[in-house]
Amino acid sequence: MFARRGLNTFFRQTQRSYATANPKKIQYNSLKPYVLVGTGLCLGGYGLLSYQKSGTAAIDSDCYTPLSIQEIKKVNHDTRIYKLAYKNKNACVEIPLSSSVYVKDDSMQIMRPFTPVSDSDTKGHLELLIKLYPDGSMSQFLKDRTVGDILEVRGPIINWEYQPNSYREIGMVNFID
């Protein structure tokens, strides 16, 4: 409503009142608020987009992100810890308790969820403890990976959100060889 009134006033100022009269001069002071608001919106939008792109999140739960294998630690005969490096060394992913990340293999069109074992505030990398099954298709894919290879990762996927102090007792199981 106000923008229309301002534009109508601007266009009326450039019209001649009579055919023999000189045209009225444009008052540029009436355009200043519109120019300032437009410039502010443009700068604000650019700032928001650049902030979102340079955020500290290393992986996204909506799309797969390529992460390189930085290290593979052998835990026992069929279990390994895969240390996946983020592109940004200062990036970290806050992974809530009871959530997982998906790893996919494009060649066979499969994806499997894995639970991270690294702390939520660990910067620069993500660690996954993975048991390699003899007949597992994803296990065979991961067994053939070496340091420097790329894995496609998506997450965190929150299966069940833990609320602090919502239960009196919680039972946890840990298997150690």
Practice task
Locate the shortest heavy-atom distance separating Cys63 from Arg154; write the atom from each residue and the value.
Solution key: O-CG, 3.7 Å
Do [X] side-chain atoms and [Y] backbone N/O form a donor-acceptor pair below 3.5 Å?
| X | Y | value |
| --- | --- | --- |
| Glu127 | Pro116 | no |
| Ser166 | Gln163 | yes |
| Gln140 | Ser137 | no |

Could you measure the distance from the [atom1] atom of [X] to the [atom2] atom of [Y]? Nearest 0.5 Å is fine.
| X | Y | atom1 | atom2 | value |
| --- | --- | --- | --- | --- |
| Leu142 | Lys131 | CG | NZ | 14.0 Å |
| Ile130 | Arg112 | CD1 | CZ | 12.0 Å |
| His125 | Ser118 | NE2 | OG | 5.5 Å |
| Thr146 | Ile69 | OG1 | CD1 | 6.5 Å |
| Leu84 | Asp149 | CG | CG | 11.0 Å |
| Lys143 | Arg80 | NZ | CZ | 7.5 Å |

I'd like to know if [Y] and [X] are part of one continuous hydrophobic network [Ile/Leu/Val/Met/Phe/Trp/Tyr, side-chain heavy atoms within less than 4.5 Å].
| X | Y | value |
| --- | --- | --- |
| Phe141 | Ile110 | yes |
| Met138 | Leu128 | yes |
| Tyr133 | Ile81 | no |
| Leu132 | Val103 | yes |

Practice task
Output, in order, the C-alpha distance, side-chain angles, deciding distance and verdict of side-chain contact (heavy atoms from CB on, under 4.5 Å) for Met111 and Asp105.
Solution key: CA-CA 6 Å; Met111 65 179 187; Asp105 174 18; over 6 Å; no
Practice task
State whether a side-chain donor-acceptor pair under 3.5 Å links Thr122 with Asp119.
Solution key: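 Distance-only check fails for Thr122 and Asp119.
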Answer yes or no: is there a side-chain heavy-atom contact under 4.5 Å between [X] and [Y]?
| X | Y | result |
| --- | --- | --- |
| Val153 | Tyr64 | no |
| Ile59 | Val101 | yes |
| Ile157 | Ser61 | yes |
| Thr115 | Leu129 | no |

Exercise for the section: Pick out which of Tyr86, Phe114, Tyr82 makes a side chain to side chain contact (heavy atoms under 4.5 Å, CB included) with Leu126. Expected result: Tyr86
Handout entry: Nonpolar side-chain network containing Ile150, other nodes, edges under 4.5 Å
Key =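 Traced through the cluster, Ile150 reaches no other member.
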Handout entry: Glu152: partners by salt bridge (charged side-chain N to carboxylate O under 4.0 Å, His left out), with sequence neighbours left out
Key =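 If we apply the salt bridge (charged side-chain N to carboxylate O under 4.0 Å, His left out) test to Glu152, skipping adjacent residues, there are no hits.
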